[in-house]
Amino acid sequence: MAATTPLYDTYMRAPLRFERGEGVWLIAEDGTRYLDFAAGVAVNSLGHAHPHLVEALKAQADKVWHLSNLYEIPGQESLARRLTQVTFADRVFFTNSGAEALECAIKTARRYHYAKGHVEKFHVITFEGAFHGRTIATIAAGGQQKYIEGFGPKAPGFYQVPFGDIAAVKDAINDETAAILVEPIQGEGGIRLAPKEFMQGLRELCDEFGLLLILDEVQSGVGRTGKLFAHEWAGIKPDIMAVAKGIGGGFPLGACLATEAAAAGMAAGTHGSTYGGNPLAMAVGNAVLDVVLAEGFLEHVREVALVFRQGLASLKDRFPDVIEEIRGDGLMLGIKAKVPTADLLKAIRDEKLLAVPAGENVLRLLPPLITTPAEAREGLARLERAAETMAGKSGHAAA
Ligand SMILES: *Cc1c(COP(=O)(O)O)cnc(C)c1O
């Protein structure tokens with residue numbers, strides 16, 4: 001039988017085709033406008049066709065696209081310098097994706113102990129419900145059977161413990177432990193927020209046992225929660241951090257950030273990437289930072305987040321048979337549904353609103369960080385109509 005598509009069947013795609021985007025809007029081939037609160041899964045941090053990003057990409061396209069890391073790339077140095085100035089980090093390695101940023105983070109942690117003569121310390125403690133990517137190592141780090149099954153032996157050296165359980169983490173630490181890897185907010189896992197005390201507890205355990213704290217801020221970083229990085233809310237600093245998604249605003253770009261000490265083992269020749277830090281990506285990454293680091297931008301994110309928070313709380317009160325709980329922080333929001341998320345997703349899509357499913361029957365709202373309060377209210381109105389439809393189906397809405 002001939003295949004109906006030449007593409008792998010790996011994705012369950014919605015039957016939608018978009019031609020272009022403008023800010024928070026995506027415009028389909030037939031001209032229908034959708035409010036995009038999926039934002040390419042938290043990637044389009046500045047929405048679509050942001051003028052500053054378009055200009056930066058076009059200007060670089062006229063000069064040079066690709067060089068490889070055989071030569072010095074000034075855009076890498078400027079972007080890395082800016083990232084180190086506003087974070088805990090001293091060193092940066094650029095990648096093309098989140099999973100590659102995690103690969104670099106894991107390699108950096110293992111190499112740190114190796115360089116100190118501790119070849120046995122390569123084990124990484126991770127958490128149930130985690131998602132770190134789809135490479136052979138990152139599916140082992142995430143630990144989810146549905147992603148591991150059928151792809152050969154699980155890469156060794158990753159141990160999952162329950163998310164938020166500091167005693168379980170302490171119990172799991174032994175002489176072979178190199179690092180703890182955690183998302184400050186689990187994204188794919190269902191917008192599960194790590195409590196502040198838990199993050200602080202992980203930092204303390206790392207200090208006590210000489211481990212490296214690796215944060216996966218691929219989804220939660222670059223302004224998404226109203227701080228530049230989500231871990232800032234807990235007042236702690238990691239040793240290593242993986243960043244991607246929002247940093248490229250839609251251009252494939254990731255980064256692994258580390259302290260001088262943590263990166264000490266990554267000598268010349270130990271790691272590399274053909275495309276990583278390519279001039280086009282650096283031009284866009286620098287342009288994203290121009291906007292996100294501008295005075296008042298993160299305050300704007302926090303203000304819009306409040307509009308969402310209040311609106312979603314009221315929807316939860318009005319539709320208790322549809323919405324069980326509102327989760328998340330900033331513009332990384334989750335609606336834990338009482339109805340199947342696939343049905344709710346379909347209902348909101350009928351209202352021309354886009355969102356992303358996640359674990360634990362949660363619908364993720366990841367609006368672009370440039371969303372205005374008026375656009376947030378428009379989204380909430382569409383959600384309300386979808387909730388009404390769902391409540392009508394389940395038979396009873398609250399008064
Ligand atoms: C998306 C994501 C990744 C993987 O990023 P890719 O660019 O798809 O490789 C890793 N960690 C988290 C938390 C993510 O959200």
Side-chain angles (χ1 to χ4, degrees), residues 8 10-13 38-45 93-109 124 126-144 146-148 151 155 158 160 163 179-194 199 213-225 229-231 238 240-257 273 275-278 281 284-285 288 327-334 355-360 362-367 369:
Y8 268 37
T10 45
Y11 300 111
M12 282 177 288
R13 299 172 197 273
V41 194
V43 167
N44 300 100
S45 46
F93 182 92
F94 289 110
T95 69
N96 313 290
S97 67
E100 286 172 286
L102 264 307
E103 290 273 345
C104 179
I106 295 160
K107 286 177 80 172
T108 301
V124 180
T126 66
F127 295 91
E128 288 167 9
F131 181 81
H132 299 299
R134 298 294 204 109
T135 61
I136 295 287
T138 56
I139 56 175
Q144 299 206 42
K146 63 178 176 182
Y147 296 144
I148 292 172
F151 296 115
F158 297 97
Q160 279 84 37
F163 189 60
I180 299 171
L181 165 60
V182 67
E183 296 157 86
I185 304 176
Q186 287 191 344
E188 304 284 326
I191 310 290
R192 299 167 76 203
L193 206 72
M199 296 295 286
L213 180 60
I214 309 174
L215 296 185
D216 180 346
E217 291 238 26
V218 168
Q219 195 165 148
S220 58
V222 196
R224 176 102 345 236
T225 65
F229 290 98
H231 68 265
I240 304 173
M241 177 169 71
V243 179
K245 292 200 166 102
I247 184 100
F251 198 94
L253 168 59
C256 174
L257 278 62
S273 167
Y275 288 121
N278 137 323
V284 179
V288 167
R327 296 177 169 185
D329 206 354
L331 294 181
M332 189 167 174
L333 294 159
V356 192
E360 298 195 335
V362 167
L363 199 67
R364 269 181 287 179
L365 296 178
L366 304 164
L369 308 184

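Atoms within each ligand, like the ligands themselves, are counted from 1 in listed order.
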Colleague: Considering only non-hydrogen protein atoms, determine which one is nearest to atom 7 (O) of ligand 1 and report residue, atom name and distance to 0.1 Å.
Modeller: Gly98 N, 2.8 Å

Colleague: Which ligand 1 atoms, with their elements, are less than 4.0 angstrom from a heavy-atom of Ala99?
Modeller: 4 (C), 5 (O), 6 (P), 9 (O)

Colleague: Just by distance, with hydrogens left out, do Glu183 and Ser220 show a side-chain donor and acceptor under 3.5 Å apart?
Modeller: no

Colleague: Might you point out which heavy atoms bring Ala255 and Thr95 nearest each other, and give the distance in Å?
Modeller: N-OG1, 3.7 Å

Colleague: With a cut-off of 4.0 Å, which atoms of ligand 1 are near a heavy atom of Glu183?
Modeller: 13 (C)

Colleague: Within a distance under 4.0 Å of any heavy atom of Asp216, pick out the atoms of ligand 1 and give their elements.
Modeller: 10 (C), 11 (N), 12 (C), 13 (C)

Colleague: Honestly, is Arg192 close enough over Phe163, meaning NZ or CZ under 6.0 Å from the six-membered ring centre and within 45° of the axis?
Modeller: no

Colleague: Counting from 1, what ligand 1 atoms have a heavy atom of Ser97 closer than 4.0 Å?
Modeller: 7 (O), 9 (O)

Colleague: In terms of side-chain geometry, is the basic nitrogen of Glu188 or Arg364 positioned less than 4.0 Å from the acidic oxygen of its partner?
Modeller: yes

Colleague: Can you give me the closest heavy-atom contact between Gly98 and Val218, atom names plus distance?
Modeller: CA-CG2, 3.9 Å

Colleague: Compute the ring centroids of Tyr275 and Phe94, then answer whether they are less than 6.0 Å apart.
Modeller: no

Colleague: With the threshold set strictly below 4.0 angstrom, can you tell me whether any protein non-hydrogen atom sits that near atom 5 (O) of ligand 1?
Modeller: yes

Colleague: Can you name the atoms of ligand 1, numbered from 1 with element, that are less than 4.0 Å from a heavy atom of His132?
Modeller: 10 (C), 11 (N)

Colleague: Backbone or side chain, does any N or O of Leu102 fall under 3.5 Å from an N or O of ligand 1?
Modeller: no

Colleague: With respect to Gly133, determine whether any N or O atom, backbone or side chain, lies less than 3.5 Å from an N or O atom of ligand 1.
Modeller: no

Colleague: In ligand 1, which numbered atoms sit nearer than 4.0 Å to a non-hydrogen atom of Lys245?
Modeller: 1 (C), 2 (C), 3 (C), 14 (C), 15 (O)

Colleague: Closest approach of Leu366 and Ala42, non-hydrogen atoms and distance?
Modeller: CD1-N, 3.8 Å

